[in-house]
Amino acid sequence: MKIAGSVTGSAGVASGHRLATQAGIEALQAGGTAVDAALAAAFTQWVVNAPQSGPGGEMVALVAEPDGGVQVYGGWSRAPLAPAVGDGAAREGWPPTSGPRNAVVPGSLRGAEAAWRAHGRRDWTNLFSGALEAAAGHTVTPRMADVYEKVESRGHTAALRRMLGSERAPKSGTTIRMPDLAATLETIAWQGPDAFYRGRLADRLVEAAEAEGAALRHDDLAAVEATVEPALRFDLDDIVVWVTGAPSQAPITPALLAAAPPGADPASRDFAEAVAPLTEQELTEFCARGPARPAGTAVATALDASGLSATVVHSLAGVQFGTGWVAGGTGVAFSNRVGTALSDRADLPGCNLRGGAVLPHTLSAAHVRRRPGPGWMTVATPGGDRQVQWLAQAIQRFRRGAATADIAAGSRWFVCPTGDRFGVPAGIGEPWYAFAEPGIAWRDDTRLAGYEVRHTSNVGGGLQLVVGGGHTSRRGRRSVAELASDPRSGGTALAAS
């Protein structure tokens, strides 16, 4: 695998798309904070990575302050108060995974707003400049052409038509425009998130939902609030790890690291045999107990000159416009997490449907600091149930002192059920397999820790990270850090110099 480079500077941005990274850089250069930059990049990804993220999904922001505090701002999606899918018990094949009936109540904008109010310096309206410019016309990258092809091949042609005006997937190099999404984002930019949850735009979303069988109603939108709380802290012998808490799966990652030999290469059999069975156990238990709180994906990571770092993870819970439903005339595609994160199985009560409940999430992010000595990393990656596994592998490379570019691009592996990369909870009780990229030491073995080994050329995902501490500029006046973007995502890391 080609190793991506890293960039060095006192401030910068890494994301899964060049235009998103550039929007974040422009926010920094205009005096914005790392949170401003990460949000500007994320909003631009809502356009240039539209099948994977958008205002109809979920978002979590993890912000690490120079003084040591790590805060989480959750824009988690929820199940509708009166779900159209019923209680599931009397419906054969419930839950569905496509269509408006499994659309979530989106939390993205409330989470973004909470992070911005706490740490933003730029005007809210200005954070959408990159997104609006991209919506007026941008060129499809080779990676996004592949994603759009999946959209078409899986039958979500109505979403393509409503978003792009054509039911055919755009080819690489094609210029596409998203006028409906542009109008929606412009409304949100000028009127704020309340326009989405309480204003005329909210009326249009509910009207579309009522017409097409989605459960979304005004009471659902009005009830959405962000969660703001400290990140969960885990102390290991050589590092301290902070992660996003419930309803995220992220606390599984420190458990995997605690089980692994501290010096083990994450591509080695020693590391994999220690954490693979624990991964299955932890993911299964997560589905059984559910989030502690009652009730395809994109990442942008940024650093500003004050030392504040932020990473934003956001998704539509899939890479095919989530539900495949775009609310008519709005350009808003809805996440399908009501369908993918839930089950009516009695043995998985944590994934049973409860009206208004915050949904179980794979969105995960981490901040890591060495002890003793300098050095820290803020990191996140998409990948569904693979996400916690890839975070563990990235953190293991960091604790081993790997170069920043190698942390982003190093070979990865994961375990999952039934050959379905997003198989939890549906695959619990089915056979699990170990998937390995080229470069994994045990890739050519038949089995690993009881799992059949299967090859994959590219596990996907778009890890974005910033590594700092222990470095100064040539003049010794300020600390500098390195940012890197996972080459799997076709993204870019830039320094704001």
Side-chain angles (χ1 to χ4, degrees), residues 1 3-4 6 62 64 231-244 249-283 299 301 311 364-383 385-416 434-443 448-449 451 459 461-470 482 484-488:
M1 177 177 294
I3 299 297
S6 60
L62 182 145
L232 296 183
R233 172 173 172 153
F234 296 84
D235 290 73
L236 305 182
D237 289 341
D238 55 331
I239 55 174
V240 182
V241 182
W242 289 262
V243 295
T244 49
Q249 292 176 348
I252 294 174
T253 289
L256 301 182
L257 292 165
D265 185 331
S268 70
R269 174 173 283 275
D270 285 347
F271 182 90
E273 286 187 333
V275 304
L278 181 60
T279 299
E280 179 179 356
Q281 175 187 329
E282 291 282 339
L283 286 173
V299 178
T301 300
T311 189
S364 305
H367 181 74
V368 191
R369 292 181 187 151
R370 300 187 191 279
R371 64 180 207 182
W376 56 267
M377 176 174 70
T378 298
V379 59
T381 177
D385 300 306
R386 299 167 289 174
Q387 195 167 32
V388 294
Q389 303 176 62
W390 294 343
L391 284 179
Q393 291 165 46
I395 294 170
Q396 185 73 359
R397 288 189 166 94
F398 170 79
R399 76 197 295 199
R400 283 169 48 87
T404 301
D406 294 343
I407 297 173
S411 297
R412 297 206 294 258
W413 60 272
F414 63 96
V415 294
C416 72
F435 288 81
E437 282 186 321
I440 296 297
W442 43 267
R443 173 181 163 90
L448 168 86
Y451 299 95
V459 298
L463 186 148
Q464 316 295 337
L465 71 151
V466 54
V467 175
E482 289 187 321
S485 178
D486 189 339
R488 300 167 185 83

Inset, instruction - Supply the atom-to-atom distance F271 CZ to I440 CD1, rounded to the nearest 0.5 angstrom. - result: 10.0 Å
Inset, instruction - List the atom of I407, the atom of A394, and the distance in Å for their closest heavy-atom pair. - result: CG2-O, 3.7 Å
Inset, instruction - For the residue pair V243 and P254, establish whether any side-chain heavy-atom pair is separated by less than 4.5 Å. - result: yes
Inset, instruction - Would you check if the side chain of S411 reaches a backbone N or O of E437 as a donor-acceptor pair within less than 3.5 Å? - result: no
Legend entry - Set of side chain to side chain contact (heavy atoms under 4.5 Å, CB included) partners for R371, sequence neighbours left out: R233, D235, V240
Inset, instruction - Without swapping roles, check the side chain of S485 against the backbone of Q464 for a donor-acceptor pair under 3.5 Å. - result: no
Legend entry - Nearest non-hydrogen partners of V275 and A260, listed with the distance: CG1-CB, 3.9 Å
Inset, instruction - Identify, with sequence neighbours excluded, every residue that meets side chain to side chain contact (heavy atoms under 4.5 Å, CB included) alongside A272. - result: W413, W442, L448
Legend entry - Under the side chain to side chain contact (heavy atoms under 4.5 Å, CB included) test, residues paired with A449 that sit two or more places apart: E273, P277, Y451
Inset, instruction - Indicate the atoms forming the closest heavy-atom contact of G469 with P374, along with that distance. - result: C-CB, 4.2 Å
Legend entry - Closest non-hydrogen atom pair, A255 against L278: O-CD2, 3.5 Å
Legend entry - Pairing residues for A258 by the side chain to side chain contact (heavy atoms under 4.5 Å, CB included) criterion, not counting sequence neighbours: L236
Inset, instruction - Report yes if some heavy atom in the side chain of R397 is under 4.5 Å from a heavy atom in the side chain of D406; otherwise report no. - result: no
Legend entry - Heavy-atom side-chain proximity of L465 to T301 below 4.5 angstrom: no
Legend entry - Gap between atom CH2 of W390 and atom OG1 of T253 - 0.5 Å precision: 12.0 Å
Inset, instruction - For the residue pair V466 and W376, establish whether any side-chain heavy-atom pair is separated by less than 4.5 Å. - result: yes
Legend entry - Contact check, side chains of R488 and R412, non-hydrogen atoms, under 4.5 Å: yes
Legend entry - Test item: R370 side-chain N/O and F398 main-chain N/O as donor-acceptor pair under 3.5 Å: yes
Inset, instruction - State, to 0.1 Å, how close A274 and P261 come at their nearest heavy-atom pair, and which atoms those are. - result: CB-CD, 4.2 Å
Legend entry - Residue list, salt bridge (charged side-chain N to carboxylate O under 4.0 Å, His left out) with D238, at least two apart or on another chain: R399
Inset, instruction - Enter the distance from L62:CG to T378:OG1 here, rounded to the nearest 0.5 Å. - result: 6.5 Å
Legend entry - Whether H367 and W242 hold their rings parallel, tilted or perpendicular, with breakpoints at 30° and 60°: tilted
Inset, instruction - Of all the heavy-atom pairs spanning V299 and G462, show the shortest one and how long it is. - result: CB-O, 4.1 Å
Inset, instruction - To the nearest 0.5 Å, tell me how far T404 OG1 sits from E482 CD. - result: 4.0 Å
Legend entry - Counterpart residues, side-chain hydrogen bond (donor to acceptor under 3.5 Å, both in side chains), relative to Q389 (two or more places apart): none
Inset, instruction - May I ask you to decide if A264's main-chain N or O and Q396's side chain share a donor-acceptor pair within less than 3.5 Å? - result: yes
Inset, instruction - Could you check if a side-chain atom of V379 sits within less than 4.5 angstrom of a side-chain atom of L463, using non-hydrogen atoms only? - result: yes
Legend entry - Note, L391 side chain near T381 side chain (heavy atom, < 4.5 Å): yes
